[in-house]
Amino acid sequence: MTAPREHRRAVRVGLLGAGTVGQALLRLLVEEAVALERRAGVALEVTRVAVRDPGRRRGVGLPPGVVSADPASVVHAPDVDVVVELMGGVHPALELVMAALGEGKPVVTANKELVAAHGPELFAAAQAANVDLLFEAAVGGAIPLVRPLRESLAGEHFTRVIGIVNGTTNYILTRMSEAGLGFEAALLEAQQLGYAEREPSADLDGHDAAAKAAILASLAFGVEVRGSDVAREGIRRLDAADVAYARRLGQEVRLLAIAERVAPGPPPVVSVRVHPALVPRSHPLASVRDVNNAVFLEGAAVGELMLYGRGAGGDPTAAAVLGDLIDAAHNHGGGRPGRLAPHQPVRLQPLAERRVAIYVGLEVQDQAGVLASVAAVFGRHGVSIRSMEQIGLGEGARLAFLTHEAGEQDVAATLAELAALDAVNRVGAPLRALGPVG
Ligand code: NAP
Ligand code: HSE
């Protein structure tokens, strides 16, 4: 792909995966070869590429003999100095990355699922081998988040991190809000535009955002949080009426990934959660539209800080991978691997222990006594109603409730009992308030 190695120093790259991100990376490596060599101090030469189907036509040309279907052979190849993992999924990516680190080869990955599931083991292996394990692209695509948290602001005492970290759901919510689309119509549009997968549950059910929330929490607070630790609600239960009502309240609905310090410890207590929320239109996160991502940081010294940009897509993600690759190549050629502060154990606050003000919309039968029976359920669980409005009549009657702050457990019990009432046809998704409502 590049000039013969005998004319200049080169770091030899083994690439695992040449899909959306891998192909964009290969293209950038060719197009930007001269600038990259200047910045890395060495040439970057792709010597091996592993894919599932070597026979498939790709958008980039690769010399014969470079591509194989055996990722382990790429990791172990003597002509590979740095491994770039862009396959996705936990297995076999975990075994391959561990093997590379075990051989003293630096690794660059964009795999949030892998880092969120096995970060502590991977960081320990990289530390033991004294090599880089870099994953800037795993959260927020092109937005620099990992390096600022790990290096530029390593001394900051962050108190809360709030992210819009899933572009697909943000697109769907934007279209529901601005075009009045229903959930299914907005999802279909996102699929037609190539944002949502045909099987979209990783995005819609909040798994993707939960993995990113775990990584952000680990970096911001220096603690061990895994994707499976994150309390998670997705956006499937939202409907157009909920989103329209939120707008009338001066709020936008966003799927938020929130990591918050609750108590200093030891061990520190941290809350990490993903759920749809009401975001006041005056909050900077309310202006994050379409597939864009943003992370809003609150810290003792920095105050408030927001990082914003393209959170996904081949080119933006590959740009972040390339930045890591330059660092890894530079360090491999005699620099020092990036700092990996050990993460301390943490106590995760169960969602049930939190207090929250919510909005919830109920589809009800429009009859005498229904409001009284619904209000009685809130009262029985100690959830104080702040405001209520009936929207629509007869078949389309809907009650929109805003509550004062109440325990999550009490809110959950209220919603469960409401769903069982004969007069309630449907309980909408609860929307937790991020800031003041009304
Ligand atoms: P993708 O388009 O599905 O590409 C995956 C690549 O890995 C394909 O080339 C596939 O081979 C290869 N592969 C998968 N399993 C393999 C195996 N067992 N052995 C050999 N090759 C294998 O995925 P992507 O969108 O590029 O994403 C790559 C990584 O970047 C993921 O971790 C993803 O979460 C992360 N990421 C992606 C984005 C984005 O916008 N796409 C944004 C941020 C982070 P074939 O081509 O032959 O099928
Ligand atoms: N599917 C993700 C999103 C991109 O919609 O943001 C990869 O993390």
Side-chain angles (χ1 to χ4, degrees), residues 14-27 48-60 62 67-75 83-97 107-118 135-143 145-146 163-174 187 190-191 193-213 215-216 227 234-235 255 257 274 288 290-295 309-321 324:
L15 179 60
L16 308 179
T20 306
V21 183
Q23 286 179 47
L25 179 70
L26 287 166
R27 222 173 19 249
R48 308 230 174 192
V49 179
V51 291
R52 226 189 262 115
D53 176 6
R56 184 184 300 171
R57 280 172 62 88
R58 316 256 157 197
V60 284
L62 287 166
V67 184
S68 86
D70 180 4
S73 72
V74 171
V75 168
V83 171
V84 177
E85 186 275 307
L86 297 174
M87 290 165 50
V90 175
H91 302 287
L94 173 64
E95 293 73 17
L96 293 163
V97 170
V107 173
V108 174
T109 179
N111 191 335
K112 81 225 72 161
E113 214 184 332
L114 174 67
V115 176
H118 293 285
F135 51 98
E136 184 62 72
V139 189
I143 309 172
L145 287 167
V146 175
I164 293 175
V165 288
N166 184 266
T168 303
T169 47
N170 207 55
Y171 180 83
I172 291 170
L173 294 172
T174 303
L187 170 60
Q191 285 171 322
L193 289 168
Y195 300 145
E197 306 277 334
R198 210 145 3 153
E199 205 301 273
S201 43
D203 293 324
L204 301 186
D205 297 326
H207 297 283
D208 176 76
K212 294 168 179 170
I215 296 173
L216 287 173
I235 66 163
L255 182 71
V274 168
V288 178
D290 292 341
V291 284
N292 291 305
N293 282 197
V295 172
R310 289 287 303 278
D315 282 354
T317 308
V321 172
D324 279 350

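Whatever order the structure lists them in is the order used to number ligands and atoms, beginning at 1. Just so it is clear, the model here is predicted, and its values are computed rather than measured. FYI, the numbering just counts along the sequence from 1.
In this structure, the separation between CD on Gln191 and OG1 on Thr168 is 9.5 Å, given to the nearest 0.5 Å. With rounding to the nearest 0.5 angstrom, the CG atom of Asn111 is 8.5 Å from the CE atom of Met87. The CG atom of Leu16 lies 10.0 Å from the CG atom of Asp70; values are rounded to the nearest 0.5 Å.
Annotation: atom 1 (N) of ligand 2 to nearest protein heavy atom, Asp203 OD1, 3.0 Å. Ranking protein heavy atoms by distance to atom 3 (O) of ligand 1, first place goes to Met87 O, 4.9 Å.
Salt bridge annotation for Asp315-Arg27: present, with a cationic side-chain nitrogen under 4.0 angstrom from a carboxylate oxygen.
Residue-level proximity to ligand 1 for Pro71 is carried by the side chain, the only part with a heavy atom below 4.0 angstrom. The parts of Thr168 lying near ligand 2 are both backbone and side chain, judged by heavy-atom distances below 4.0 Å. Contacts between Asp208 and ligand 2, counted as non-hydrogen atom pairs separated by less than 4.0 Å, involve the side chain only. Only side-chain heavy atoms of Thr317 come within less than 4.0 Å of ligand 1; its backbone N, CA, C and O stay farther off. Looking at Arg58 against ligand 1, only its side chain comes within 4.0 Å, counting heavy atoms. Contacts between Arg56 and ligand 1 below 4.0 angstrom, taking non-hydrogen atoms only, involve the side chain exclusively. For Glu197, no heavy-atom contact with ligand 2 is shorter than 4.0 Å.
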Exercise. Show your reasoning for whether side chain to side chain contact (heavy atoms under 4.5 Å, CB included) applies to Glu136 and Leu145.
Key: CA-CA 7 Å; Glu136 184 62 72; Leu145 287 167; 4.1 Å; yes
Practice problem: Would you please test Leu114 and Phe135 for side chain to side chain contact (heavy atoms under 4.5 Å, CB included) and show each step? | Solution: CA-CA 10 Å; Leu114 174 67; Phe135 51 98; over 6 Å; no
Self-check item: Pair Val165-Val295, side chain to side chain contact (heavy atoms under 4.5 Å, CB included): steps then yes or no
Solution: CA-CA 7 Å; Val165 288; Val295 172; 4.0 Å; yes
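Using modelled atom types, one side-chain atom of Asn170 and one backbone atom of Val288 make a donor-acceptor pair closer than 3.5 Å.
Close contacts of ligand 2 with Lys112, meaning ligand atoms under 4.0 Å from a residue heavy atom, involve 7 (C), 8 (O). Every atom of ligand 1 is numbered from 1 in the order shown, and the set under 4.0 Å from a heavy atom of Asn111 is 32 (O). Under a 4.0 Å criterion applied to the non-hydrogen atoms of Gly17, ligand 1 contributes the atoms 6 (C), 7 (O), 9 (O), 12 (C). In the vicinity of Ala312, heavy-atom distances shorter than 4.0 Å reach the ligand 2 atoms 4 (C). Taking a cut-off of under 4.0 Å to the non-hydrogen atoms of Gly167, the atoms of ligand 2 that pass are 3 (C), 5 (O), 6 (O). Near Gly313, meaning under 4.0 Å from one of its heavy atoms, ligand 1 places the atoms 39 (C), 40 (O). Listed by number with element, the atoms of ligand 1 under 4.0 angstrom from any heavy atom of Ala18 are 6 (C), 8 (C), 9 (O). The contact set between ligand 1 and Lys112, taken as ligand atoms under 4.0 Å from a residue heavy atom, comprises 34 (O). For ligand 1 and Ala137, the ligand atoms under 4.0 Å from any heavy atom of the residue are 43 (C), 44 (C).
By heavy-atom distance, the residue among Asp208, Asp53, Leu86 lying nearest atom 28 (C) of ligand 1 is Leu86. If you check each of Gly88, Gly314, Ala202 against atom 31 (C) of ligand 1, the one with the closest non-hydrogen atom is Gly88. The closest non-hydrogen atom to atom 8 (C) of ligand 1, taken over Ala138, Gly140, Gly19, comes from Gly19.
You'll find the side chain of Leu15 reaches within 4.5 Å of the side chain of Leu86, heavy atoms only. Ile143 has its side chain out of reach of Arg310: every pair of non-hydrogen atoms, C-beta onward, lies at least 4.5 Å apart.
For the side chain to side chain donor-acceptor pair (under 3.5 Å) test, residues two or more places apart in sequence or in another chain that qualify with Ser201 are Glu199.
When all heavy atoms of Ala320 and Gly141 are compared, the closest pair comes out as CB-O, 3.3 Å.
Among the atoms of Asn293, none of the N or O lies under 3.5 angstrom from an N or O of ligand 2. Residue Tyr195 has no N or O atom closer than 3.5 Å to an N or O atom of ligand 2.
The local environment of CD in Glu197 is sparse, with at most 12 non-hydrogen atoms from other residues, nucleotides or ligands closer than 6.0 Å.
The side-chain contact (heavy atoms from CB on, under 4.5 Å) with Pro200 is formed by just one residue from the set Asp205, Thr169, Leu187; it is Leu187.
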